[in-house]
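Okay, so here's the structure we're looking at.
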Amino acid sequence: MASLSLRGIYKRYPGGVTAVSDFTMNIKDKEFIILVGPSGCGKSTTLRMIAGLEEISEGELFIGDRLVNDVAPKDRDIAMVFQSYALYPHMTVFENMAFGLKLRKVPKDEIKRLVEEAAKSLDISHLLDRKPKALSGGQRQRVALGRAIVRDPQVFLLDEPLSNLDAKLRAQMRTELSKLHKRLGTTFIYVTHDQIEAMTMGDRIVVMKDGFIQQIDSPINLYENPVNKFVAGFMGSPQMNFIDAKLIMQNGKYTVEFGSEDTKSSRGRKFYIELPSSKTSDNEQLQYYVDKEVTLGIRPENIHDEEMFISNATTGVIEATVDVTEMMGAETYLYLTCEGMPLTARVSARCTARPQDVVKLALDPNKVHLFDVNDEHAILS
């Protein structure tokens, strides 16, 4: 197996377009790395440079101790699984899985053993005589994975392999891929734009935007301690609420003020969240932002409608009008307007609020994030 080291990797295209800029990270042996970000952020280009399908414009790529910038794709000991499966329609499942081994002149009995072992591990042994057109999407994806597994590569590269599957099958295949990674003990690098896939599968996640790495961290740290507003908004579904606010000192405490400036309106009012000292005591940069505009961030699950939270809250209680309710089974999403600001709350399925209702909500002050309004870096998490 192998570790990877990407050192100052750039990809520039003719015409001055830079798709990837200064991509630098070390990937440990057997690690499951997720590259995530919106379309066009450079994640698939990075994967293709690792595979050797795109030339590296600048920087160095090591697989193990070997510099592979000028090594042909077939000699990098890497297997790639594509979004489109890329199966040969005229070949059976067995022939598709065996094709790469035949090109390597592997003996027939060894090919048979490797294909049957891989098919058994993927639960497709009963499909070996079928052709791709007779398979479902999930079965085709397993065949594509099997074709990669039989090669026993040092590194698996997976480019949005689940995007063509329905929601139920995607959830099932996420679990299967995680099990497969543990069973094979191989380095996985997985590209997706789906942050749920990223959060549930990766040891570490690389969040990209416009060709630049925004943050590399574990799923839980990305979620709880995003380095900037982009990462905070991208990770999480529904996404984090962002509110225009002001940081002030009130009764000797850092307090976030937000709401309507319209003092003539009977509904116009200000709301306040007093920040707990456990969040602010070690944060020296907060004093710089006193009496300045900031962006308040709070996740939907940290806005509570239960009377228990509201009655116990000494700060952060607001009123909002319900615009839309979405019943999700185990929970309900409330889409609200508070003093002209859109908010989303993830609440209990027992919630009885309906559109046009005015509801009281409590924002958890322990879960507040603050961001600089100019460069959007995190001030407080």
Side-chain angles (χ1 to χ4, degrees), residues 1-14 16-83 148 151-161 177 181 184-195 197-199 201-219 221-222 225-228 230-231 234-235:
M1 302 309 139
S3 59
L4 285 88
S5 180
L6 296 91
R7 305 176 186 177
I9 300 289
Y10 285 79
K11 179 60 187 179
R12 301 186 183 94
Y13 291 104
V17 176
T18 301
V20 177
S21 299
D22 195 22
F23 192 106
T24 300
M25 80 173 295
N26 293 314
I27 300 171
K28 299 172 193 170
D29 183 24
K30 302 181 183 178
E31 202 170 10
F32 199 136
I33 294 294
I34 306 278
L35 305 183
V36 70
S39 297
C41 71
K43 56 189 186 296
S44 289
T45 303
T46 301
L47 200 75
R48 290 173 66 82
M49 285 192 286
I50 295 171
L53 302 177
E54 291 276 2
E55 188 177 331
I56 295 171
S57 304
E58 183 183 333
E60 295 178 323
L61 170 62
F62 287 84
I63 298 177
D65 297 326
R66 183 169 67 138
L67 180 66
V68 297
N69 285 48
D70 300 319
V71 175
K74 67 183 178 64
D75 299 322
R76 294 192 182 194
D77 200 10
I78 277 175
M80 191 158 179
V81 179
F82 296 92
Q83 176 182 348
R151 291 180 49 198
D152 191 24
Q154 293 190 78
V155 182
F156 272 88
L157 305 179
L158 300 102
D159 191 3
E160 303 202 34
L177 279 171
H181 171 250
L184 296 177
T186 310
T187 307
F188 274 41
I189 306 174
Y190 186 106
V191 161
T192 182
H193 63 270
D194 184 331
Q195 51 85 30
E197 285 181 19
M199 291 290 291
M201 294 169 66
D203 295 323
R204 285 191 296 161
I205 301 173
V206 183
V207 183
M208 297 184 68
K209 179 190 177 191
D210 300 332
F212 289 91
I213 293 174
Q214 301 294 303
Q215 187 171 354
I216 304 174
D217 219 325
S218 66
N221 276 340
L222 277 176
N225 302 297
V227 297
N228 58 34
F230 173 79
V231 174
F234 193 82
M235 304 306 292

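Computation of the quantities below employed the complete heavy-atom set of this structure, encompassing side-chain atoms and omitting hydrogens, waters and symmetry-equivalent molecules.
- At a threshold of 4.5 Å between non-hydrogen side-chain atoms, the residues Asn26 and Ser5 count as touching.
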Original post:
So Lys28 and Asp203, side-chain contact (heavy atoms from CB on, under 4.5 Å) or not? Walk me through it.
Top reply: CA-CA 10 Å; Lys28 299 172 193 170; Asp203 295 323; over 6 Å; no

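- A donor-acceptor pair under 3.5 Å is absent between the side-chain atoms of Glu197 and the main chain of Val36, judged by distance alone.
- Every residue two or more places apart in sequence or in another chain was checked for a side chain to side chain donor-acceptor pair (under 3.5 Å) with Glu60, and none qualifies.
- With sequence neighbours excluded, the residues satisfying side-chain contact (heavy atoms from CB on, under 4.5 Å) with Asp75 are Val71, Ala72.
- Relative to the six-membered ring of Phe212, Lys209 misses at least one condition, a distance below 6.0 Å or an angle of at most 45° to the axis.
- In terms of the side-chain contact (heavy atoms from CB on, under 4.5 Å) criterion, residue partners of Asn228 (sequence neighbours excluded) are, by chain and number, Gln214, Phe230, Val231.
- For Gln195, there are no side chain to side chain donor-acceptor pair (under 3.5 Å) partners, not counting sequence neighbours.
- Remark: the backbone N or O of Ile78 is paired with a side-chain donor or acceptor of Arg151 at under 3.5 angstrom.
- Residues meeting the ring pair (Phe, Tyr, Trp, His ring centres under 6.0 Å) test with His181, sequence neighbours left out: Phe32, Phe188.
- Rounded to the nearest 0.5 angstrom, Ile63 CD1 and Asp65 CG are separated by 11.5 Å.
- One distance of note links CZ of Arg204 with CD of Glu31; it measures 4.0 Å at 0.5 Å rounding.
- Residues passing the side chain to side chain donor-acceptor pair (under 3.5 Å) test with Ser57, sequence neighbours excluded: none.
- Side-chain contact, Ser3 with Asp29: no donor N or O sits under 3.5 Å from an acceptor N or O.
- Of the possible donor and acceptor atoms, none in the side chain of Lys11 sits under 3.5 Å from a partner among the backbone N and O of Ala19.
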